[in-house]
Structures are given as C-alpha cells and as structure tokens.
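A short worksheet on the structure shown next.
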There are 2 protein chains.
Amino acid sequence: MQKQIASRIEILKVSAHPVRIAILEELSKGVKCVSDFEEFLDISQPNISQHLAALRHAGIVDYFIDGRLRCYFLKNPLIIDLLEILKKDYPHELPGPECCPATKKGTYPGERRR
Amino acid sequence: MQKQIASRIEILKVSAHPVRIAILEELSKGVKCVSDFEEFLDISQPNISQHLAALRHAGIVDYFIDGRLRCYFLKNPLIIDLLEILKKDYPHELPGPECCPATKKGTYPGERRR
DNA sequence: TAAAAATATAATAATATTTGCATATATGCA
DNA sequence: TGCATATATGCAAATATTATTATATTTTTA
C-alpha cells in the first residue's frame, strides 16, 4: 500500500465519528470558534476541544487566534468530498455478479481448482 | 443528526482500516474468494475472515457460495466513491479564511461578544 | 466414509479510543 | 493586579478494536 493511501485512511479513521463529522459539517460552512460548537453539540467543552485536537493532529483542520477565541477552519480538501458522500443519494445497491445471489449460490468466475 | 448519516458514518468507520481498504479495492475489480485474498494480504486466514465478517455485518459486501468457496462482492455503492477519494489528487489545501493564518492571528468573522 | 480444503467462529490478550473530570493556560477587563 | 472568559491538557475509567490461536463447519474428493 502506498504511503499516501495509508495517510488518507488515517484521515478517514479520524473523521469517522459522529461528533467530528458534525464539527466538520459546520466548518464546511465557515470559520467557527469552540464556543460556537458548544451551542449545538450536546457534549462538554473539554470533549469538544479533544475532538478538535484530534482533527488538528490529523491535519484536517487548523485555527487562527482572535483574542481568546480559537477560530477553526477546514484545511484538508478531501473532507469536502467526504461530506458530500455522506449526503449523496445512492438509490440502489451495486449490481451483483451475474450469478444468482438470490439463492446465495453461483459459480466462481476466477481461475480455481475445485 | 439524521439516521442515514449516522449509518453512513458507521460505513466509513468500518472501512477506515488498511486491510479492509485493500479488500475493498480488490473487490472493486470483481468477485474474489477468501483464498484469493490470502495471496496478497500478509495476514492469517482467520483474520481475513474476521475483516470480511465486519464488512458483511456493515452491509458493505456480500457473498455467494460456490461449493466450498465463498465468493465475495461489493454491495454498497458508496464504497466506489470512497475508494475514488482515496486515490484522487488534491493539489492544495483549502484556501484559508481571508485573515492572516500565517501569523495564526486574525479576526473572528462571526457575531460574538469579546 | 474418512480425510482434506475452504472458510468461519470463539475466546483471549494486547492495544487503542472515548469520555469525564479536574486543572492548567492565556487573554481581556475592572 | 485580580478576576472572568475561552480554551486546552492530563489522567483515569470504560469501552471498543485488533490480532492470535485453537477449533468448528461445510463441502468435496479419495
């Protein structure tokens, strides 16, 4: 596996958490400071800071300082595409192989001894 | 958070593992049975089965049976888009807010007391 | 029918993640 | 300077994930 893929899997892993997705969704709309998140996330301030720290350490977000506010913003462009996938409509499952998945039996298409 | 989003975050979470991404990448090329995975994944057979079980339980893959082979295939269409994101080229970071992130100082754009 | 092949399951141990709570730091203001 | 505000950090407990090992199940073949 390439290194780049590995680091992107790490990005996925860090993002794949309900609170962190909610944070990222908000940040996709614009800059937000920590107490903004307190208004709509039903978790403690330290916990919010911890999630933000995880996102920061993964290079997903960054912040600038305004007085005592930390103003967070999105940094990693992959996140935009990821958020899109979460909202996209997928009307059907993928088409199964042309065997008979209904019966759960079929013929393996690969080269294989029996 | 909507239920659908929550279940998709679960899909992400299950997928965000190097071995499971390698499995999904292979399955995106076509049906594969468990011993096919043994040929290029450097982990034990039981561990492969466990990863496949995790993917099955999440509704990401399914299988049909051919004799003693279990022929796995991709089921969830979101995975195709996810794999694409992992390979896509992202040449730059997202443009920062129009303040001065270089100095890490700036002015919070939201409505807030100081 | 017994053995082999392909795969799954179960139990365990090691490790990582998550949260809660207490406390620390830094800034602005009286 | 001292206090309030905004946020971060450290640590412990609870929980979840991962890999390992042993064993079970199913199907084919001899």
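The chains referred to below are lettered A, B, ... by the order of the sequence lines, with proteins before strands, and numbering in each begins at 1.
Residue R56(B) places none of its side-chain N or O atoms closer than 4.0 Å to OP1 or OP2 of dT7(C). For dT18(C), one of the phosphate oxygens OP1 or OP2 lies less than 4.0 angstrom from a side-chain nitrogen or oxygen of R20(A). Between S35(A) and dT7(D), a side-chain N or O to OP1/OP2 separation shorter than 4.0 Å is present. Between K13(A) and the phosphate of dT17(C), there is a side-chain N or O to OP1/OP2 separation shorter than 4.0 Å. When the side-chain nitrogen and oxygen atoms of Y108(B) are compared with OP1 and OP2 of dT7(D), none of them lie within a distance under 4.0 Å. At least one side-chain nitrogen or oxygen of H51(A) sits closer than 4.0 Å to the OP1 or OP2 atom of dT19(C).
Mapping E38(A) and Q50(B) onto DNA chain D via the closest heavy atom, the residue that lands nearer the 5' end is E38(A). Of the two residues near DNA chain C, A16(A) and H57(B), the one whose nearest nucleotide lies more 5' is H57(B).
At a cut-off of 3.5 angstrom, counting only N and O atoms as typed in the model, there is no donor on one side facing an acceptor on the other between the side-chain of Q45(B) and the base of dA6(C).
For the atom pair CG (D62(A)) and NZ (K75(A)), the distance works out to 4.5 Å, reported to the nearest 0.5 Å.
Among the protein residues, Y72(B) comes within range of the sugar-phosphate backbone only, with heavy atoms under 4.0 Å from sugar or phosphate atoms but none that close to a base.
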Just distance, no hydrogens or angles: give the donor-acceptor pairs under 3.5 Å from side chains in residues 76-85 of chain A, sequence neighbours left out.
| residue | atom | partner | partner atom | Å |
| --- | --- | --- | --- | --- |
| N76(A) | OD1 | L78(A) | N | 2.9 |
| D81(A) | OD2 | K88(B) | NZ | 2.6 |
| D81(A) | OD2 | Y90(B) | OH | 2.6 |

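Ion pairing between a basic and an acidic side chain is recognised when a charged N comes within 4.0 Å of a carboxylate O; K87(B) and E25(B) show such pairing.
Checked by atom type, the side-chain pair S49(A)/Q45(A) shows a donor-acceptor distance below 3.5 Å.
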